[in-house]
Structure formats: structure tokens, C-alpha cells
Amino acid sequence: MMRILFFIFLLLSPAYGYAADAIALDSSVFVERVVPTAGGKTKTVLEEPKVVTPGDRLVFILQYRNTGTQSAKDFVVTNPMPAPVAYQSTSDTVAQVSVDGGKTFASLASLKIRESDGTVRAARPEDVTHVRWALREPIAAGAQGQLSFRGVVR
Amino acid sequence: MLEGNFWAIKNVRLALIAPLIVATASVTFAPRAEAAGTVAGSTIANTATASYTDSGGNAQTATSNTANLRVDELLDVAVTSADPGDIPTLPSGVNQVASFTVTNTGNGSEAYGLAVTTALGGDQFDPTTTSIVLDTNGNGVYDAGVDTVYVAGSNDPVLAPDASIRVFVLSSIPGTAANGDRGQLSLTAASKTLTGAPGASSAGQGQGGGDAVVGTSGGDGSATGAYVVQAANISFTKTSSVVDPFGGTKIVPGSIVTYTLTATVSGSGSLTNVAIADNIPASTTYEAGTLTLQSAALTDATDADAGVFVPPAGVTPGRIEVALGSVAASQTRIVTFKVKVN
């Protein structure tokens with residue numbers, strides 16, 4: 001019995017194990033809206049999503065942080081596209097995308113789609129099934145960063 | 001609507017002792033409409049996974065929290081006239097059918113209130129709305145006694161996203177409407193949940209528990225149709241000319257009389273199944289092969305062409321018959337034939 005309790009204590013204890021090296025990954029989503037400003041111009045703002053309807057532009061933000069005491073290398077983040085969202089773009093140069101359910105990743109411009117009738121066409125943003133970021137540099141202890149991509153509600 | 005946005009740190013060392021935490025793809029299967037977009041109430045769930053190599057050279061993974069968004073209901077509707085053009089009618093006409101199509105262009109199932117307006121500018125009369133009828137059997141055609149009469153607030157049509165329904169408006173035409181007069185009517189369909197300025201919303205009123213948001217249509221739509229009075233009339237004239245055997249114009253035995261029958265359609269629209277028949281006068285005999293329509297010869301036999309000569313039978317005189325078919329307003333048809341005076 002004591003052994004089981006100790007086991008549970010180990011599970012609950014923040015001191016056990018993961019202080020050494022751990023990556024925290026946080027997913028959040030914002031709505032991108034174009035709002036008018038004084039002088040008849042418009043500006044693009046990111047809002048907390050209160051009301052979301054088809055056609056709205058979303059910005060997905062992934063924040064990572066090395067909460068451990070050792071660096072982590074070969075850091076790869078994979079984000080499957082939620083089904084109701086059509087991928088639009090990312091400004092992260094290290095990002096690659098997949099249009100085959102995550103089997104292969106490359107730049108969107110180099111990917112092809114084989115239609116059911118056998119014809120092959122260039123992949124379009126809405127064909128994207130996964131977005132992946134492969135960071136070359138190790139993430140030092142305590143370091144953090146942000147990844148993002150845009151999508152539109154189908 | 002924001003459902004949850006929270007930090008979740010899942011350490012994979014746990015996986016060494018706890019059952020393996022699998023980094024799962026966050027594909028939520030949302031029923032998806034074709035044009036209207038993601039169905040209201042669907043959840044957009046986004047989860048990312050990370051893999052890395054720790055300082056000890058071990059492969060590790062981490063999974064983010066899931067950011068959930070609920071898709072709200074967009075209220076949009078489109079109404080179009082389903083008639084190819086103005087609807088031909090007559091003064092004092094009743095149950096004159098105007099057809100409209102109402103389409104839910106939003107992303108949630110929605111009920112619509114229907115209303116007809118006839119006091120519109122730019123026309124000569126106001127049709128009187130007798131009833132609004134829903135195309136219950138879905139055949140696109142008004143079926144009296146089969147399709148259901150619409151009662152506002154009682155059987156407001158409920159349309160799924162992208163679904164549409166044919167709506168018939170039955171009208172009476174004033175007896176004072178003159179030939180060529182137009183009378184317009186407008187059918188409006190308004191979302192029962194909310195209408196107003198695009199972007200206006202009603203919390204919690206959307207399908208699936210989200211908000212209801214007025215779309216670009218304002219949550220309502222309308223289309224205009226028109227009746228046009230098309231009264232066509234036909235008039236006939238008959239003239240004759242005579243050539244006698246001596247080169248004169250006297251009616252003597254052997255004189256040839258040429259009859260010219262002119263049918264003229266006036267007004268607007270057209271008349272269908274127009275036919276001309278004329279008896280051969282007593283004491284004359286039809287000259288075989290002299291029947292013409294618009295100067296083109298017609299055979300006497302019953303055949304493919306429009307004309308026929310029916311020989312006399314007993315006391316019944318012979319006659320010519322020419323089928324003119326459909327004749328539009330302001331057109332004329334000229335038939336000629338010749339007889340010899342006995």
C-alpha cells in the first residue's frame with residue numbers, strides 16, 4: 001500500500017523527472033479582423049474569438065518553451081489542420097506542409113495533388129492537411145519561441 | 001465563441017510510468033455543407049505535437065493543449081424569382097401563380113417568415129395576394145390542394161444549410177388592369193432568429209449553442225416578380241376579286257373569284273390554335289390547287305401542310321381549312337383560294 005502511495009506521489013510531484021528537460025507547447029487561436037481607423041483607412045487586428053463564422057480568418061499561434069534545465073534538439077512541431085479550417089499561409093520560413101495526411105512534407109509550391117480521375121495538379125492551400133516546423137537550432141533551457149499559421153473557416 | 005484556451009503541460013516522462021500518452025491529431029469531424037460553410041455548432045479543435053531529443057539522447061514528445069472554437073450560426077438567405085419573365089395574365093384573373101425560390105445561404109438550420117408586398121412603384125396595378133403556398137411535394141409546380149398554404153408563425157419553412165424551397169404566391173388581378181399593364185409583387189423571407197445589420201449577433205441563439213450572427217444578406221432577402229396583362233384579339237376580313245371569261249370583272253358563269261382572308265392579331269401576347277375555315281359559296285366550284293397561305297401554295301389533301309380542301313358532301317358545302325397555329329400580337333396571316341362560278 002505504501003508503495004502505491006509513493007507511486008502516486010511520484011506521479012503528482014513536479015520535482016520528479018521533468019524538471020530536467022521539458023518542452024511546454026501552447027496552442028491558441030485568434031480571429032484576424034480588418035477594422036476601419038480614423039482617416040478612412042483600415043488596419044488588421046487580432047481579436048480573441050468571440051464570434052466565429054464561415055469565412056472568418058483565423059491565426060493559430062503555437063508557443064513553445066523549454067521549461068527544463070537542459071537544451072532540447074531536433075525540435076519538430078506538427079499541427080494537423082482542424083477539419084473545418086482551410087490552411088492559408090504561414091510566415092515561418094522553416095515551415096513545411098503536407099497534403100497527404102502527414103506522410104510527406106515539403107513547401108506547398110512543390111506539392112502535387114492527384115485527382116480521382118488521375119489528373120495531377122499543383123496543391124492549393126486548402127489541400128494542406130498538416131503544418132510542420134523543424135527547428136535546426138537546439139532550444140536552450142528557458143528559451144521560448146512562437147510559431148504561427150493562418151487559416152480560414154470553411 | 002471561445003470555448004477554452006489554457007495552458008497544458010504534458011511531460012513525457014510521465015509516459016514512462018503512466019500509460020503512453022499518444023500525441024493525437026486533433027481532427028474533429030465537422031459535418032460540412034457545400035456552399036454555406038462549416039455547419040453552425042461545429043468545433044474547431046487545434047492541437048499541436050512536438051518531438052525533440054533530450055540531453056540524454058532520448059526521443060521525447062510533447063502535446064499542446066487543444067484550442068477549441070465553436071462555429072457560430074451565420075444567418076443568410078437568398079430569394080429569387082423562379083419565373084422566366086413577366087407572368088402573362090388577364091384582367092380579373094384569379095389564382096395567378098408567381099413562383100419564388102428561397103435558399104438558406106447560412107450555415108445553420110433556420111426558419112423563415114414569408115411576406116408579400118404589392119405596393120411597389122414602377123407598375124400600373126397592384127395584384128391582390130390570395131395566399132402564399134409552399135411547394136410541399138417539391139415538384140416545383142403549384143399543385144392546388146396538394147401544396148400547403150403558408151400560415152405565418154404556424155408553418156414557417158425550416159431550411160437546412162444550402163437547402164431551398166419553392167414558394168408560390170397566388171394573386172388576383174384587378175378587372176381594371178388594361179392590356180400591357182404590369183403589376184409587381186415582392187416576396188420577402190426573413191430569418192426567424194434575427195435580422196438586422198450584418199454582424200449583429202444574438203448570444204446563444206445559434207444552432208448548436210453558439211451565437212447567431214446576421215450575415216451579409218441582413219438575415220433576410222426578397223425578390224420581385226411581375227404580372228403583365230396580355231390580352232390578344234383576332235379580327236378577320238374577307239375580300240374578293242373577279243375575273244370573267246372575257247377579261248372583265250363581271251360575275252357570269254365561268255368567272256373566277258379569288259377570295260382573300262386576312263386574320264390579324266392585336267393587343268399583346270399571342271393566340272394559339274388559330275384556324276381559318278371558309279365554306280365554298282353556293283353556285284360556285286372550288287378551283288383545285290388554288291389554296292395559299294402567305295402566298296405559298298398549299299395542297300388540297302389532308303397532309304403535313306397547314307391547308308386542306310374538304311369536298312362537298314350532300315347538302316354540306318365544300319370548305320377550305322387552314323391551321324395557323326400560334327399567332328403573336330400584331331402579326332397577320334393571309335389565306336387565298338379561287339372558285340369558278342357555275
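Chain identifiers are assigned alphabetically (A, B, ...) following the order of the sequence lines, protein sequences preceding nucleic acid strands; residue numbering begins at 1 within each chain.
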**Prompt:** Given the rule in the side chain to side chain contact (heavy atoms under 4.5 Å, CB included) test, do A:Leu25 and B:Thr63 qualify, once you have shown the distances and angles that lead to the verdict?
**Reply:** CA-CA 6 Å; A:Leu25 192 60; B:Thr63 305; over 6 Å; no

**Request:** Any chance you could lay out the side chain to side chain contact (heavy atoms under 4.5 Å, CB included) test for A:Val76 and B:Ser51, step after step, and finish with the verdict?
**Result:** CA-CA 5 Å; A:Val76 176; B:Ser51 66; 3.6 Å; yes

**Message:** Between B:Ile44 and A:Leu58, is the side chain to side chain contact (heavy atoms under 4.5 Å, CB included) condition met? List the steps.
**Reply:** CA-CA 11 Å; B:Ile44 297 173; A:Leu58 303 177; 4.0 Å; yes

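Put simply, the side chain of A:Ser27 gets close to the backbone of B:Asn46: a donor and an acceptor are under 3.5 Å apart. The backbone N or O of A:Val52 sits less than 3.5 Å from a side-chain atom of B:Asp72, completing a donor-acceptor pair. Distance alone, capped at 3.5 Å, places no donor-acceptor pair between the A:Thr53 side chain and the B:Leu74 backbone.
For A:Glu137, the CD atom counts as loosely surrounded, since its 6.0 Å shell holds 12 or fewer non-hydrogen atoms of other residues, nucleotides or ligands. Remark: A:Arg121 CZ is packed, more than 12 non-hydrogen atoms of other residues, nucleotides or ligands lying under 6.0 Å away.
Here the CD atom belonging to A:Gln63 is positioned 11.5 Å from the OG atom belonging to B:Ser64, to the nearest 0.5 angstrom. With rounding to the nearest 0.5 Å, the separation of NZ in A:Lys50 from CG in B:Leu69 is 12.0 Å. Rounded to the nearest 0.5 Å, atoms CG (B:Asn65) and OG (A:Ser28) are 7.5 Å apart.
Put simply, of A:Asp74, A:Val131, A:Val153, the one with the most heavy-atom pairs under 4.5 Å next to chain B is A:Asp74.
Both the backbone and the side chain of A:Phe75 come within less than 4.5 Å of a heavy atom in chain B. Proximity to chain B (any heavy atom under 4.5 Å) is shown, for A:Ile139, by neither the backbone nor the side chain.
Of all non-hydrogen atoms in A:Val77 and B:Ala48, the two that sit nearest each other are CG1-CB, 4.1 Å. Closest non-hydrogen pair, B:Tyr52 versus A:Ala22, comes out as OH-CA, 3.7 Å. Closest heavy-atom contact between B:Ala62 and A:Ile23: CB-O, 3.6 Å.
Sorted by first and then second residue, the salt bridge (charged side-chain N to carboxylate O under 4.0 Å, His left out) pairs with a member in residues 111-122 of chain B form an empty list; sequence neighbours excluded.
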